[in-house]
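We name chains A, B, ... by the order of the sequence lines, and we start the count at 1 in each one.
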Number of protein chains: 2
Amino acid sequence: MTETMSDSAIRPRKEFGKTIAADVTHRLREEIIACGLAPGEPLRFDVLRERFGVSFTTLREALTALTAEGLVDAQEQRGFRVAPVSRQDLVEVTDARVLIEVELIRRAIERGNDDWEIAVISTLHRLKRIEQRDPEHPLRDPEWNIAHRQFHQALVSACGSATLLAIRAELFDRAERYRHLSANFRPRPRDKAGEHQAIMQAAISRNPDLAVQLIETHIRSTADNVATYAAHLLDTE
Amino acid sequence: MTETMSDSAIRPRKEFGKTIAADVTHRLREEIIACGLAPGEPLRFDVLRERFGVSFTTLREALTALTAEGLVDAQEQRGFRVAPVSRQDLVEVTDARVLIEVELIRRAIERGNDDWEIAVISTLHRLKRIEQRDPEHPLRDPEWNIAHRQFHQALVSACGSATLLAIRAELFDRAERYRHLSANFRPRPRDKAGEHQAIMQAAISRNPDLAVQLIETHIRSTADNVATYAAHLLDTE
DNA sequence: CCAAGCCGTATTTTCGAAAATCATATCCTT
DNA sequence: AAGGATATGATTTTCGAAAATACGGCTTGG
């Protein structure tokens, strides 16, 4: 009876109705995206078992799921490692994102209703609010990352295709890892707040061509930034 | 010493260097695509364990991988089932395929070299050869399915993006399942051989606009066929 | 000195039993 | 008799031990 849903003493909280494997998958994904586990780093079972407090099999399931998402690299019979990064991969992910996101923003603008507009506006509002706390290093703030993800998610959420949304989400995660990779070396962030604001306005005022152009620029210039400031990490691999 | 690599007496062959889990994933994928396991059907461990001769954990890993591919549906704490089919899902998969495949065929035509042309021509040749064996029911011939997959794969293989190729392959598999779903009810196949031939010629003669148009028609008319002849299976779910 | 094969160790992969969770039928209470 | 709690059986989920496989150093023969 003293057991509420969040006896978050230490680790072993686990949301109701969810499997431990799904929980570990989620936590591992976050760590890899945040580059707490470096690209190319071997993922040894002993170490992970210690860190997450679960058994071999459960870990294996999580690693298999992340392999399908492109965040982990399975080397059969020789274990897993964090998916390596490369300039080529960055280019591919960026291109794929542009292709898909551009299409989805068009569909969303065409189909979005009141709820969609409200979601776009409110997620941007929260993002800006959080941004004010530390305008210099937003990427270091986990809450900013969540809010940022949710804003971009909201923008395309009305596109009408769960299939394409799932693919988009996967590519977004892979791109976010590259952003984190370069975050420590980037001198100062460019005017992201302004860009997000402009995208929101183009979307809400139902101007698909402008929105598409802004989104494409947003994605490509972020990738260019990564390629510049993480160059030393991309060429060695 | 009598043990060569293919002592394919019964089941337990396993390619060198591969894990059992990867093998089971592959076999399960094929069965689901061929609708040997019906859409929506519960995937009980006891049954699968019997059928594939592996343990709980190995099965779980395979099911997790297929869940990420959209062929299996995980219901946390309540097991797995074959991903259900629906008209909506068919439309989404078709749309996504057109979006991506159209882009990839353009890139492949622009970048393809001699090896690419040879691959396209030879995979089509093999497909036609196999097709002659049973022109009425090609889908029932596993070899035709493989050859068909390889021809479409070859067409886009020179696109230069492993990322997009992986996404394309996933969508192709999901679409192929729908084709098998309606195969038993389709009166007679339309002129697929001719369509493939035309696509090949447009690609090799480096006519991207024509190739794109043919591919889009090819994909959409296949989907329309499915929607028509598997209607009773799509509306009930 | 080098190459090739071999052995011991480190690590992954697989298994089946045990724990956790869900679904169903049963039994109270009102 | 209806509604709700509870026990029971079926099924999934998790675990750690055991088997399989890869890695690295060592020896041996040329």
So does A/Glu103 pair up with A/Arg107, basic N to acidic O under 4.0 Å?
yes

Determine, for A/Arg220 against A/Asp95, whether the closest basic-nitrogen to carboxylate-oxygen distance falls under 4.0 angstrom.
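Yes, A/Arg220 and A/Asp95 are salt-bridged.
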
Okay, side chain of A/Arg177, backbone of A/Ala83: is any donor-acceptor separation there less than 3.5 Å?
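Present.
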
Between A/Gln77 and B/Lys18, is there a donor-acceptor pair closer than 3.5 Å when you use the side chain of the first and the backbone of the second?
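Side chain of A/Gln77 to backbone of B/Lys18, a donor-acceptor pair under 3.5 Å: yes, one is there.
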
Separation of [N] [atom2] from [X] [atom1] (nearest whole Å):
X       : N      : atom1 : atom2 : result
B/Arg44 : C/dT21 : CZ    : C1'   : 15 Å
A/Phe45 : C/dT14 : CZ    : C1'   : 11 Å
A/Gln75 : D/dT21 : CD    : C1'   : 14 Å
A/Asp46 : C/dT13 : CG    : P     : 13 Å
B/Leu59 : C/dT13 : CG    : P     : 17 Å
A/Glu76 : D/dT21 : CD    : C1'   : 13 Å

Check: protein-nucleotides 15-19 of chain D nitrogen or oxygen pairs below 3.5 Å:
unit_1, atom_1, unit_2, atom_2, d
D/dC15, OP2, A/Ser55, N, 3.2
D/dC15, OP2, A/Thr58, OG1, 3.1
D/dC15, N4, A/Thr57, OG1, 3.1
D/dG16, O6, A/Thr57, OG1, 2.8

Using the closest heavy atom to pick a nucleotide of DNA chain D for each, name whichever of A/Arg78 or A/Glu61 lands nearer the 5' end.
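Of the two residues, A/Glu61 wins.
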
Identify the two heavy atoms, one from B/Leu181 and one from B/Pro39, that lie closest to each other, and give their separation to 0.1 Å.
CD1-CG, 3.9 Å

Can a side chain N or O of B/Arg60 be found less than 4.0 Å away from OP1 or OP2 on D/dT12?
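No, no such contact exists.
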
Is the A/Trp144 ring parallel, tilted or perpendicular to the A/His148 ring (thresholds 30°, 60°)?
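Rings of A/Trp144 and A/His148: parallel, as their planes differ by under 30°.
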
Would you mind classifying the nucleic acid contact of A/Leu43 as base, sugar-phosphate or nothing, using non-hydrogen atoms under 4.0 angstrom?
sugar-phosphate

